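Step one of this worksheet: look at the structure below.
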Amino acid sequence: MGGGQSRKWMILVATIWIQAFTGTNFDFSSYSSDLKLVLGISQLQLNYLSMASDMGKALGWCSGVSLLYFPLWVVMFMAAFMGFFGYGLQWLVIQRFIYLPYSLVFMLCFLGGCSICWFNTVCYVLCIRNFQTSRPLALSLTVSFNGVSAALYTLIANAIDPNDHSLYLILNAVVPLFVSILTLIPVLTYQPPLSPLISTSNASRHTDSIFLCLYILAAITGLYLLFLDSLSSNLERDRILLVGAVIFLVLPLCVPGIACARECARPNIHFGSHLNKELIDLEPDGDLEFHKELIAADHSCTSDGVVTVVDKEGYFRRAMEKDRVTMLGEEHPAGLLLRCLDFWLYFVSYFCGGTLGLVYSNNLGQISQSLGYSHHTSSLVTIYSSCSFFGRLLSAAPDFLSARVYYPRTGWLAVALLPTPIALFMLAASGGEVALYAGTALIGISSGFVFSAAVSITSELFGPNSAAVNHNILITNIPIGSLFYGLLAALVYDFNEGSSSSTTLEMSILKEATICMGRKCYWQTFIWWGCFSILGLASSFLLFLRTRPAYNRFEMNRRRPQSSSEDQILLCAS
């Protein structure tokens, strides 16, 4: 297993740390009310600030271009300093050390959003380069930790001063920079992993076992962060809980080390040098086999029941076959991508699913405040963050279960979008505390799954080599959705706040920043959001129907060479 393998797992742990502390947009709700108060702005203007952070994703392609000219570590520190200045200056504003006009605060939010996207690009590149044959597992695991950022920052803020919400901004500025320095050595010592000296099947099982241990440890970490909020009561206990969270983040360093040491201690048994060499040569290309697999678009591929329907309905058949993806991993340049119907179904699914959940999280501060639960805002942010984390972990289910129960990844996407409309209509029907917590948890799980699975789906449907560009095109729906959904919520909020007489002493001093109180503030918003989420669910189901033949044919062809290789190994062993 050697130094190349241990270096690879060290880089994975470094990527986990980077992701865990750079999801700084998830804690916007924790300080948004204070920011609104200090600036004396309306809910509509506050929505524009939250949208500015999401707009950074529209320029995600810049991080990919930068990697063509700068080393990976330089791009990582560029992201860190973007966040340092973007969030640090906002902290000075909210502390009233400096005064900046609204337009400059908008640009600072935009700069902070750019830093998040650049960090994500660095992490994607590290995973793709080091884990060619287990890319979905590496991506799902590392992206999952981005979902616990809000819970971690809430824990750190409570351990310092639970009454100072402005701490989130200074933490957003300093912590990612500190983590970048901490992970500098693994990133600097990056080298392509060495080819393993064991057979393909053994290497795959060994890698999967390490990933399984890491996923179990990640789940325990998520449960710890999810339930520790109920234990948080005083400063000393919060600090003890913070130490426990840090220990959980350090533990992943031990799992690869123990697994590698155990593997090195085993005697290497080779069943025939010629066969072993062939299997070694196949291992690095295992992922390429997936992307080069040709899926023939004939009727024999659709033995799953689709043909029986489309033969009876000619119009439906033409609609289902028009511009359909017939080859998993086929490269789609930007021009071809934008003309592909499957991409737009995918775009709408993401727009009405994951993006909608992100906008909901950005409005959590005002939603809880309007319902009279403003003191529960940090708990709600923690629940959304932790459940988003578990949703991201669940996105690895197709890879762990593929050997026993195979289901297309686009089908999993459709299932994952189902909780969002249920949660939104439940929130519209009830403004109680239980409904608020349950709805937040469901939306967090759903959106987290979409965020994590999207990277693998983009690579599978539209090509791995074009994934960096294509995925950045896909996530342009985030700033669009942030503007659209946020504008809808802000207009409803501002329309109803006139009927609310609730003000505070600070508000009377600082302009006319009034608060809307009651269920009416977001009732219509939840209804509209629920209708859009149903549209996303329908789009994902159509995408599943159109791509299912390609996934099924690939799975059949994948099992054939695997079974024949195992037969050869058993033959040599005998």
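Side-chain atoms are counted along with the backbone in the values below, which use heavy atoms only and exclude waters and symmetry mates. Everything numeric here is computed off the predicted structure, so don't read it as measured data. FYI, the numbering just counts along the sequence from 1.
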Is the ring pair [X]/[Y] parallel, tilted or perpendicular, if the boundaries are 30 and 60 degrees?
| X | Y | result |
| --- | --- | --- |
| Y102 | F106 | tilted |
| F526 | Y360 | tilted |
| F484 | F532 | perpendicular |

message: Measuring only between side-chain heavy atoms, which start at C-beta, is L338 closer than 4.5 Å to W344?
response: yes
Using atom types as modelled and distance alone, determine if a side-chain donor or acceptor of [X] lies under 3.5 Å from a backbone N or O of [Y].
| X | Y | result |
| --- | --- | --- |
| S370 | Q366 | yes |
| Y153 | L169 | no |
| S452 | V143 | no |
| Q524 | K520 | no |

Atom pairs and distances, side-chain donor-acceptor, residues 145-152, under 3.5 Å, sequence neighbours left out:
from: N146; atom 1: ND2; to: Q19; atom 2: O; distance (Å): 3.0
from: N146; atom 1: ND2; to: Q19; atom 2: OE1; distance (Å): 3.2
from: S149; atom 1: OG; to: Q19; atom 2: O; distance (Å): 3.4
from: S149; atom 1: OG; to: A20; atom 2: O; distance (Å): 2.7
from: S149; atom 1: OG; to: G23; atom 2: N; distance (Å): 3.0
from: S149; atom 1: OG; to: N146; atom 2: O; distance (Å): 3.2

- request: Assess whether ring-ring contact (aromatic ring centres under 6.0 Å, His included) is satisfied between Y493 and Y522, documenting all intermediate values.
  value: CA-CA 7 Å; Y493 185 96; Y522 278 94; 5.8 Å; yes
query: Just by distance, with hydrogens left out, do S540 and S349 show a side-chain donor and acceptor under 3.5 Å apart?
result: no
Residues which pass disulfide bond (SG atoms under 2.5 Å apart) with C127, listed by chain and number, not counting sequence neighbours: none
task: Hey, could you give me the CZ/CD1 distance between F347 and I473, rounded to the nearest 0.5 Å?
output: 10.0 Å
query: In terms of heavy-atom contacts, does CZ of F541 have more than 12 from other residues, nucleotides or ligands at under 6.0 Å?
result: no
